[in-house]
Colleague: 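Let me give you the structure first, and then I'll get to my questions.
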There are 2 protein chains.
Amino acid sequence: MTYQTVGHPARPGLPDDPRANVTEPTPSCPVEITLTALQGRWTTLVVREFLRGGRTFTELRQALPMLSDKVLSDRLAHLTEVGVLDRHRRPGRPPRVHYTLTPHGRRLGPVLQALWDWGAHPSPETS
Amino acid sequence: MTYQTVGHPARPGLPDDPRANVTEPTPSCPVEITLTALQGRWTTLVVREFLRGGRTFTELRQALPMLSDKVLSDRLAHLTEVGVLDRHRRPGRPPRVHYTLTPHGRRLGPVLQALWDWGAHPSPETS
DNA sequence: CTGAATCCCTGCCGATACTG
DNA sequence: CAGTATCGGCAGGGATTCAG
């Protein structure tokens, strides 16, 4: 945690970092990086399944029956690409592929927690 | 905070709530609610501007020059609708509209902080 | 079994032009 | 000044089919 401000009290979500002043949704902004990693329908639910332990393709399909194979495949590939998941081929019959969270991926726990907290808190404005 | 588990240690992002077991991206899931509120390009940057204080349409346009009027208007309407912003018409000449964060919107600070933290942390896997 | 390829459809985003 | 209306382009997501 080195991004925190030193000159004045920390304002949540507003670290004293040059990237906190971007005026465009540039990919170098940490917030954009995270949202990109979690981007796409079903992605957070897939991550949630992994927070409960390693999973194979088939197990995920059973846990999320409404998710099509193609999209599941896309999500797993995406999450692997951004360093959230590790992919392990299992030799043998039938061939299965095992996915696990990387340490980096495991750190998404607090992120989902924060998203959950805000959404779980009732908004007086929303009808 | 009543969603926390009671029977076993809390697992971050995995509260002991029936909604934590949804198998679809249903709008009632708190995580979905938050992601819906922050949905759309530029949205987090607009929220960031408000964490720095109330803003008028013109001030926002100056702060985010690459953001078109239409999209800015869309974002402000969306954020107002989900209870993040309050809208105040300023009578007089020229007519200005002032927006401020609601208490609910102010609670997005920690959310953006969590998103920032994860994205700012280097991933050993990402090329 | 675990995806990859293809196709279509929908919704977002951006630009431009117009109104109270 | 602060939006609304409209249009086009493009990318995301779902279903189906094919391959290693």
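Labels below follow one simple rule: chain letters A, B, ... track the order of the sequence lines, proteins then strands, and each chain is numbered from 1.
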Colleague: What's the separation between atom CZ in R87(B) and atom CG in L79(B), rounded to the nearest 0.5 Å?
Modeller: 13.0 Å
Colleague: NE2 of H88(A) versus P of dG3(C): gap in Å, rounded?
Modeller: 13 Å
Colleague: Kindly give the heavy-atom pair with the smallest separation between T100(B) and F50(B), and that separation in Å.
Modeller: N-CE2, 4.3 Å
Colleague: Check the surroundings of atom CZ in R90(A): do more than 12 heavy atoms from other residues, nucleotides or ligands lie under 6.0 Å from it?
Modeller: no
Colleague: Which heavy-atom pair separates F57(A) from D69(A) by the least distance, and what is that distance?
Modeller: CZ-O, 3.9 Å
Colleague: Return the angle between end axes of the helix from dC1(C)-dG20(D) to dG20(C)-dC1(D), with five pairs used per end and rounding to 10°.
Modeller: 40°
Colleague: Round to a whole Å and report the spacing from NE2 of H98(A) to C1' of dC1(C).
Modeller: 15 Å
Colleague: Could you tell me how far apart L60(A) (CG) and dG3(C) (P) are, to the nearest whole angstrom?
Modeller: 10 Å
Colleague: dC1(C) C1' sits how many Å from Q62(A) CD, rounded?
Modeller: 12 Å
Colleague: Verify the contact: side-chain N or O of R87(A) to OP1 or OP2 of dG3(C), cut-off strictly under 4.0 Å; return yes or no.
Modeller: yes
Colleague: Rounded to whole angstrom units, what separation is found between the CZ atom of R96(B) and the C1' atom of dA2(D)?
Modeller: 10 Å
Colleague: According to the interplanar angle, ranging from 0 to 90°, do the rings of H104(B) and W118(A) count as parallel (below 30°), tilted (30 to 60°) or perpendicular (above 60°)?
Modeller: parallel
Colleague: L72(A) CG to dT2(C) P: how many Å, rounded?
Modeller: 10 Å
Colleague: Quick check against the 3.5 Å criterion: does T102(B) have a side-chain atom that pairs as donor or acceptor with the backbone of V84(B)?
Modeller: yes
Colleague: To the nearest Å, how far apart are E24(B) CD and dG14(D) P?
Modeller: 10 Å
Colleague: Closer than 4.0 Å, any side-chain N/O of S73(B) to the OP1 or OP2 of dT4(D)?
Modeller: yes
Colleague: Using atom types as modelled and distance alone, determine if a side-chain donor or acceptor of R48(B) lies under 3.5 Å from a backbone N or O of V22(A).
Modeller: yes
Colleague: Show me, pair by pair, the donor-acceptor contacts under 3.5 angstrom made by side chains of residues 30-40 of chain A, not counting sequence neighbours?
Modeller:
unit_1	atom_1	unit_2	atom_2	d
T34(A)	OG1	P30(A)	O	3.1
T34(A)	OG1	L115(B)	O	2.5
T34(A)	OG1	G119(B)	N	3.0
T36(A)	OG1	E32(A)	O	2.7

Colleague: How would nucleotides 5-20 of chain C be written as a contact map, 5' to 3', with B for base contact, S for sugar-phosphate-only contact and - for no contact, using protein heavy atoms under 4.0 Å?
Modeller: BB------BBB-----
Colleague: Measure from the side chain of T58(B), starting at C-beta and using heavy atoms only, and say which of dC1(C), dC1(D), dT4(D) lies closest.
Modeller: dC1(D)
Colleague: What are the two closest non-hydrogen atoms of L60(A) and R55(A), and how far apart are they?
Modeller: CG-CB, 3.7 Å
